[in-house]
Amino acid sequence: MIVVRILRDFKVPNFKFPKFKMQEIADIDEAKLEASKERKETKQRNEKGYYEPTNYKTIKEIFERSTKEYENYTFILEKFNHKEPFTEITYGNFKKDVLALGTGLEEALKLKNKRVAIIGETTYHWYVSYMTMLCGNIVAVPIDKELPLNEIENVVKRSKVSAIIYSTKKKDVIKKIKNVLPEVEYFIQMNSEEELKDKEIGLDNIIKEGKNLIQNGNNSYINEQIDPEAFKVLLFTSGTTSNAKGVMLCSKNLAQNINAVSAYVYLNEKDRLMSVLPLHHTYESTIGFLLPFAVGASISVCEGLKYIVPNLKETKPTAILTVPLLVENLYKKINENIVKSKKDKLVKSMIHLTNALKSVNIDIKRKVFNEIYENLGGKIRIIVSAAAPIDARIGKWVQDIGISFLQGYGLTETAPIAALTPEYEPKVGSAGKAVICAELKIDKPNDKGEGEVLIKSDTLMLGYYEDENATKEAIKDGWFNSGDIGYLDESGYLYITGRSKNVIVTQNGKNIYPEEIELLLGKIEEIKESMVYGKEDKDSKELIISVKVIPNYEKIEEKYGKILLEEEIYKVIWEEIKKVNKKLTAYKAIKHLEIKKDEFEKTTTMKIKRFAEIKKDQSD
């Protein structure tokens, strides 16, 4: 799955939506007329059946085109103070800051051909710093801001960085590790004008120095040529099952992602994406940053998950990249409010009606479900979910209310997109089809057609950093062994059914993929989250199919009218699990339940770190 990392102990915010008043559409003919008058921008598909793609070789090529063509367009919207409105920054101003920072880093600080780490929350200077390195000759090393001190120190040392650019919120962290990193020449603080002192300097000071150099005729950074296949980005995957590997990417990998997505999804300068996921991961930094930048779109920076609903209303994005857990919770909260408003039967009937009309090219969904749209900002038209499987009924519901629901598949190693849903041929439940610069095949498929997903793509990494053996093990004859289990349908759409490293192998040789069972458990209202795994019986040494569950206490109290005792909650959930067991073949049935009192340890895309959780279980 797109291997990324959002909050280590992620807690989904309690989304607040008002009661829905939704009314019947009194005059369908009037709504149909209104829908026909709406100007819908479309893009013609070429003879190969997809949109004519772009053909960029490097990110610098994209930078030069977009900052010229969209100079006066808004690029970034960010709240630098929660009590104030969003600040809008144009492509033109972004260009000036990138050119100045690049000149300052390479010429004043002599960091050309060296490596620079970026660590911090999503903010304007993060975008500036990353683009600066992609357009110059500095290797970018984005670091997960949620890593503990010892891991940050380890990544900095392993990657041999010469400077660290950090956000103000990470100042205390940098102070604690500064003295054990003698090889780091500069510690550069965002939003600071401090002059150089004891290796510390403000990023705004470097920008200022860079502007002076440019004014005095120094165009060395501006005129630099970028080798499309040169090592450009180093990303460490804090994998769920093993130690982090360093993934080496080049400008071609990133540019080919932009080209590939442009063939399946139409975005332009009128679009706005909301940034919710962390920028240190390639899913957000490539598809959430470089892609909208390439088409002149704007990006609104979410202040934090608890502000996502008001931020949606304030900035009115047209698209959002997210992960299943967020989509699932938005779906649940919206539908709970629809039920509370006693509008669930009406909504079902209107979905049926609008689907029938859409089948004959009459789309009145935005008119009918306007209240839902307004609670999501009013302009949302695309939701992209990646990183893990999602219940197909949720994707279907998103489509039913008129929003394009797309799914992406890939890994950090594919920078990241290897497969994506074409917006003109959606297939809810699949992870999309191979992008135009990639091939997918299934290795050693079983009788169901399932096997390990192999990927060959122009977006495939250069290799693992300082690990030739791991590179050779992962890439054989040009095919990358993803570690994911899935199958391809007759149309080439990919379906992911599990992760090979997560597979539970029973004593009689049966393979059980936890994700399959977890999707069924996800439909139980009383369960907030679950993790299925094989627990070794101390006496027989056999693996018992077990599950750790975090109860949905809010839903349990609502359904049963009181706060239940722990043993009562166990009984309620076990009864629901027994119903799921009836849908499974006998060897997949859950035999052991554990109620988990704390949060699961997670990656930054909210995937449970199974290895870490099982290790805790073993130590207990």
Side-chain angles (χ1 to χ4, degrees), residues 1-4 237 239-242 323-325 328 385-392 394-395 407-414 416 418-419 427-432 434 440-455 474 479-489 493-523 527 529-535 543-549 577 580-581 583-591 600 602-603 605-614:
M1 309 301 185
I2 290 180
V3 183
V4 292
T237 64
T240 58
T241 57
S242 60
V323 289
L325 197 54
E328 288 162 4
S385 175
I390 189 169
D391 188 340
I394 295 175
Q407 287 186 264
Y409 168 80
L411 303 95
T412 307
E413 288 87 341
T414 55
K427 194 172 279 193
V428 174
S430 86
L440 300 176
K441 72 176 181 180
I442 305 302
D443 187 40
K444 300 172 185 173
N446 61 17
D447 55 354
K448 293 181 181 178
E450 296 175 328
E452 184 175 5
V453 180
L454 304 185
I455 305 166
W479 290 93
F480 176 70
N481 294 258
S482 71
D484 289 318
I485 304 299
Y487 66 91
L488 294 166
D489 70 9
Y493 282 76
L494 176 68
Y495 292 79
I496 299 296
T497 55
R499 178 91 183 145
S500 61
K501 291 178 180 177
N502 298 339
V503 67
I504 302 166
V505 183
T506 64
Q507 278 66 25
N508 58 3
K510 297 286 189 181
N511 288 353
I512 301 167
Y513 295 102
E515 295 88 348
E516 175 191 357
I517 304 172
E518 287 162 2
L519 277 176
L520 293 174
L521 295 176
K523 297 177 182 179
I527 293 177
E529 287 186 90
S530 67
M531 186 191 87
V532 173
Y533 68 109
K535 185 181 181 74
L543 285 180
I544 301 167
I545 306 306
S546 307
V547 64
K548 292 186 179 187
V549 163
I577 287 175
V580 169
N581 280 343
K583 300 175 185 177
L584 298 167
T585 51
Y587 69 87
K588 292 181 182 178
I590 296 166
K591 303 289 197 306
F600 285 114
K602 291 192 178 79
T603 68
T605 45
M606 297 169 255
K607 286 191 291 184
I608 295 168
K609 286 193 167 185
R610 295 175 189 272
F611 181 75
E613 289 293 336
I614 291 169

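Everything quoted here is computed from the prediction, not taken from an experiment.
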Lys523 NZ to Asp391 CG distance, which is reported to the nearest 0.5 Å: 4.5 Å
Worked check of side chain to side chain contact (heavy atoms under 4.5 Å, CB included) between Thr497 and Glu516: CA-CA 6 Å; Thr497 55; Glu516 175 191 357; over 6 Å; no
Side chain proximity check, Glu328 to Ile390, heavy atoms < 4.5 angstrom: yes
Asp443 and Trp479, any side-chain heavy atoms less than 4.5 Å apart: no
Exam field: side chain Glu450 to backbone Gly486, donor-acceptor pair closer than 3.5 Å: no
Glu529 vs Leu325 side-chain heavy atoms within contact, under 4.5 Å: yes
Which residues share a ring pair (Phe, Tyr, Trp, His ring centres under 6.0 Å) with Tyr495, sequence neighbours left out: Tyr487
N/O donor-acceptor pair under 3.5 Å between Glu518 side chain and Val532 backbone: yes
Under 3.5 Å: donor-acceptor pair, side chain of Asn581, backbone of Ile590: yes
Row check, Tyr533 ring normal vs Lys548 NZ/CZ: under 6.0 Å, within 45°: yes
Residue list, salt bridge (Lys or Arg N to Asp or Glu O under 4.0 Å) with Asp489, at least two apart or on another chain: Lys427
Test item: Ile485 and Val453 side chains (from C-beta on) under 4.5 Å apart, heavy atoms: no
